[in-house]
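So you know, we letter chains A, B, ... as the sequences are listed, proteins then strands, and number each from 1. Reckoned from all heavy atoms, side chains included, excluding hydrogens, waters and symmetry mates. What you see is a predicted model, and the numbers here were worked out from it, not measured in a lab.
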2 protein chains.
Amino acid sequence: MPLAQLFRVEDLRNYIIRFFTRLNVTEEHARIAADVLISADLRGVSSHGIIRLHSYYGSRILKGLIDPASPYQIVRETPTTLLVDGGNGLGMVVGYHTMQRVIQKAGENGVALASVRNSNHYGIAGYYAMMALPHDMIGISFTNAQPLVAPTYGRTRILGTNPIAVAAPALHERPYVLDMATSIVPIGKITVYDKAGEKIPEGWGIDQNGQVTTDPKAVLQGGALLPLGGTDIMRGYKGYGLALWVDIFSGVLSGAATGPFVGSVGKDQPANVGHFFAAIRIDAFRDPQEFKADLDRLIQTLKNAPKAEGQERIYIHGEKEFELEALNRQRGIPLLVEVVKGLREAGEQVGVPFDLEVLGETTGEEE
Amino acid sequence: MPLAQLFRVEDLRNYIIRFFTRLNVTEEHARIAADVLISADLRGVSSHGIIRLHSYYGSRILKGLIDPASPYQIVRETPTTLLVDGGNGLGMVVGYHTMQRVIQKAGENGVALASVRNSNHYGIAGYYAMMALPHDMIGISFTNAQPLVAPTYGRTRILGTNPIAVAAPALHERPYVLDMATSIVPIGKITVYDKAGEKIPEGWGIDQNGQVTTDPKAVLQGGALLPLGGTDIMRGYKGYGLALWVDIFSGVLSGAATGPFVGSVGKDQPANVGHFFAAIRIDAFRDPQEFKADLDRLIQTLKNAPKAEGQERIYIHGEKEFELEALNRQRGIPLLVEVVKGLREAGEQVGVPFDLEVLGETTGEEE
């Protein structure tokens with residue numbers, strides 16, 4: 001297991017704020033972006049956290065591929081809908097502000113939706129869905145993303161890992177927070193197997209001929225990820241259909257790039273990512289307390305159900321992440337030593353040295 | 001291959017209407033129910049078509065488990081939302097009327113949602129989502145269903161195959177119509193393998209101990225279906241999460257039964273099924289012509305993408321079903337001889353003989 005170092009949550013948050021403000025991001029916007037990234041690290045979704053600070057955001061701001069000073073604009077608005085142009089700014093900033101407004105509009109009209117174009121990678125989809133929870137609302141967020149996934153019977157990367165996030169509040173139980181890529185695994189998981197010299201499970205990805213392969217290199221070099229479900233016999237066309245749904249709501253509805261035309265973070269072109277947000281007032285349907293009590297009962301029914309042989313626990317979506325967040329708030333956030341090395345290098349380049357106090361060490365990254 | 005007989009679409013439709021009116025369903029309601037069932041048979045989803053006329057509907061009306069005369073009621077209404085009590089009537093009737101009203105409300109306010117309780121099996125989810133298409137709207141429908149699917153790490157049937165349907169209009173291309181169970185396969189597919197004496201693919205289902213099995217009998221007798229994705233390594237918890245989402249929107253939001261408490265069609269108890277419907281006006285975001293032209297481009301990009309070795313075509317969701325519908329309108333709807341036998345028996349029992357003209361024969365059921 002690779003070694004990780006532990007850092008104070010607030011130290012990491014302040015570092016991200018200093019990093020972004022150094023790149024001419026306003027402090028308000030830097031705080032928002034930091035909160036989204038830190039939330040990913042807290043919840044154990046480290047692939048969408050501070051590890052991306054330079055590769056997804058800093059380096060692209062420096063190259064002029066993201067314009068953090070450009071204002072996002074509401075292009076069209078009705079009492080229940082918003083079409084937003086992200087102005088090629090930070091996805092986290094337009095995402096946060098749009099979801100805030102969606103929640104406000106849902107408060108006034110029961111439900112509100114927004115579709116956003118001309119944006120960039122916005123971190124974890126679940127962050128925005130969860131913003132609805134304190135308002136006794138259900139939150140939803142989708143985003144399209146750079147092409148990595150082949151459609152069923154295809155062999156090239158046409159769709160993103162286009163995640164779906166849905167959050168609903170419970171009473172005594174933790175909220176239900178679904179936050180899932182519509183591919184089986186993210187591309188980073190294939191890289192991990194490749195670095196470890198291990199084969200990937202059959203069905204995660206295909207080679208350049210469209211054949212299922214267990215060789216991570218064949219997926220990384222000319223191959224593609226498979227959608228949730230995997231091969232045809234396991235109904236991978238359903239995962240492909242979900243990815244397409246996300247692209248229609250995020251890209252087609254907003255006029256953003258879609259499919260293979262969404263810009264990759266590693267390419268020197270604007271990304272024109274599209275997002276989708278929704279909020280639903282529970283009390284438009286039922287007393288929120290009754291809703292939450294009923295969701296508690298459903299959650300408890302699932303958790304108390306008989307376990308498969310060899311299993312001790314049935315999880316609800318978001319539960320592991322809430323537990324990890326509690327642990328990380330206490331002990332600090334673990335960052336792999338190679339991630340720390342990358343942050344130090346990026347910090348030197350940007351002029352914001354990464355010199356935070358190391359609280360301790362762990363044997364690795366939890367997930 | 002089992003032999004099927006071909007019947008005129010209008011003959012089957014009229015038969016269903018006569019069958020339902022004989023059971024004291026009003027003619028208006030019988031016409032709606034017939035249209036939903038015929039739509040399933042036309043689109044090749046024969047598992048949700050006329051084959052269920054007696055088992056899901058007729059026999060339950062006769063036993064008093066479905067009350068087709070009881071009115072459904074709007075329990076709570078805002079300009080954008082509806083909470084509906086189905087009055088334990090036919091799911092197709094309350095589904096159709098609710099989606100009609102959702103479309104009307106979306107026309108007035110940009111978007112509208114409905115959650116329905118105290119309903120019954122409503123046929124194919126895609127029917128209701130597709131109702132939005134002629135209005136230049138996006139349609140969505142979910143429903144919960146009798147428990148058949150185990151949660152990840154569980155071993156008993158807790159969730160339904162809870163389908164997700166989403167329909168969006170294109171310009172020259174056919175609309176995108178996702179209509180997918182959130183399990184890998186329906187239980188009927190396991191039965192087909194069992195009858196044929198064949199093993200099922202590894203991952204479709206588990207035995208009574210929660211272990212993956214290739215024995216269809218082990219799934220049917222005390223086992224369970226697995227959610228989309230299948231086992232943990234293939235990320236079956238995502239399919240489990242989608243099924244839970246559907247249950248929250250259909251069951252918890254409406255106050256219907258949820259999880260294992262949804263009544264099974266084979267059990268002598270009211271089902272208290274929950275549904276969810278949504279319609280979104282495209283012109284609240286963009287000129288619908290621009291939306292449709294962009295969706296055309298995305299569809300064409302997918303269809304023209306390089307194919308996997310051995311494959312000739314990449315499909316869009318709903319495409320196969322539209323092609324089958326065109327074929328079936330021309331040649332008639334194929335019903336397996338054993339299905340025809342079942343219809344004859346049910347017809348005798350209800351007093352509406354199934355004596356339709358047979359147009360011809362085919363070698364089997366397309367899917």
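- At a 4.5 Å heavy-atom cutoff, A/I200 makes no contact with chain B through either its backbone or its side chain.
- Within the 4.5 angstrom heavy-atom criterion, atoms from both the backbone and the side chain of B/Y315 approach chain A.
- A/T258 places none of its side-chain heavy atoms less than 4.5 Å from the side chain of B/T301.
- Proximity to chain A (any heavy atom under 4.5 Å) is shown, for B/P227, by neither the backbone nor the side chain.
- The parts of B/L244 that come within reach of chain A are both its backbone and its side chain, each placing non-hydrogen atoms under 4.5 angstrom from that chain.
- For the atom pair CD1 of A/I280 and CZ of B/F276, the computed distance is 5.0 Å after rounding to the nearest 0.5 Å.
- Of the listed residues (A/T182, A/V75, A/D283), the one with the most heavy-atom contacts under 4.5 Å to chain B is A/D283.
- Nearest heavy-atom pair across A/R235 and B/I184 is CG-O, 3.1 Å.
- Contacts with chain B were tallied for A/F291, A/W204, A/F261, A/Y153; A/Y153 has the most, counting heavy-atom pairs under 4.5 Å.
- With a 4.5 angstrom heavy-atom cutoff, B/A168 touches chain A only via side-chain atoms.
- Chain B forms more heavy-atom pairs under 4.5 Å with one residue of A/L228, A/I138, A/T80, A/L226 than with any other, namely A/L228.
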Next on the checklist: Apply side chain to side chain contact (heavy atoms under 4.5 Å, CB included) to residues A/F285 and B/L113 and explain how you reach the verdict.
Outcome noted: CA-CA 10 Å; A/F285 297 89; B/L113 316 177; 3.9 Å; yes

(message) Please determine whether side chain to side chain contact (heavy atoms under 4.5 Å, CB included) holds for the pair B/I314 and A/Y237, giving the CA-CA distance in whole Å, both sets of side-chain angles, and the decisive distance to 0.1 Å.
(response) CA-CA 10 Å; B/I314 292 170; A/Y237 58 80; over 6 Å; no

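- Proximity to chain B is absent for every atom of A/P79, based on heavy atoms less than 4.5 angstrom apart.
- Atom OG1 of residue B/T152 and atom NZ of residue A/K307 lie 13.0 Å apart, to the nearest 0.5 angstrom.
- The most heavy-atom pairs under 4.5 Å with chain B, out of A/L83, A/T81, A/V185, come from A/T81.
- From B/L242, atom CG reaches atom NE2 of A/H317 across 8.0 Å, with rounding to the nearest 0.5 Å.
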*Given A/N109 and B/N109, is the side chain to side chain contact (heavy atoms under 4.5 Å, CB included) satisfied, shown in steps?*
CA-CA 9 Å; A/N109 298 294; B/N109 298 293; over 6 Å; no

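- Interface residue B/A114: only backbone heavy atoms are found under 4.5 Å from chain A.
- Interface residue A/E309: backbone and side-chain heavy atoms are both found under 4.5 Å from chain B.
- Both the backbone and the side chain of B/I316 have a heavy atom closer than 4.5 Å to some heavy atom of chain A.
- Taking the six-membered ring where the residue is Trp, B/F142 and A/W245 present perpendicular rings, their angle passing 60° and hence far from 30°.
- Minimum heavy-atom separation, B/G154 to A/A308: O-CB, 3.6 Å.
- In this structure, A/L253 and B/R286 have side chains that are not in contact, with every pair of non-hydrogen atoms separated by 4.5 Å or more.
- Residue B/D232 does not touch chain A at all, counting heavy-atom pairs closer than 4.5 Å.
- Contacts of B/R297 with chain A are absent, with no heavy-atom separation under 4.5 Å from either backbone or side chain.
- At a 4.5 Å heavy-atom cutoff, the contact between B/I158 and chain A is made by side-chain atoms alone.
- Within the 4.5 angstrom heavy-atom criterion, only side-chain atoms of B/L178, from C-beta onward, approach chain A.
- Only the side chain of B/V166 comes within contact range of chain A, judged by heavy atoms closer than 4.5 Å.
- Scanning all heavy atoms of the two residues, the minimum distance from B/T156 to A/P306 falls at OG1-CD, 3.5 Å.
- In terms of heavy-atom pairs under 4.5 angstrom with chain B, the leader among A/Q211, A/R281, A/E290, A/E312 is A/Q211.
- Residues A/P201 and B/I233 approach most closely at CG-CG1, 3.7 Å, considering heavy atoms.
- Within the 4.5 angstrom heavy-atom criterion, only side-chain atoms of B/F249, from C-beta onward, approach chain A.
- The residue among B/G255, B/G251, B/G203, B/A112 with the most heavy atom pairs within less than 4.5 Å of chain A is B/G255.
- Neither the backbone nor the side chain of A/D179 comes within contact range of chain B, judged by heavy atoms closer than 4.5 Å.
- For chain A, the option among B/M234, B/K238, B/E77 with the highest count of heavy-atom pairs below 4.5 Å is B/K238.
- Your options are A/A181, A/A293, A/P260, and the one with the most heavy-atom pairs under 4.5 Å with chain B is A/A181.
- Contacts of B/T231 with chain A are absent, with no heavy-atom separation under 4.5 Å from either backbone or side chain.
- Contact annotation for B/E202: only backbone heavy atoms (N, CA, C, O) come within less than 4.5 Å of a heavy atom of chain A.
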- Query: Can you list the steps and then say if A/T78 with B/V111 is a side chain to side chain contact (heavy atoms under 4.5 Å, CB included)?
  - Reply: CA-CA 10 Å; A/T78 78; B/V111 53; over 6 Å; no

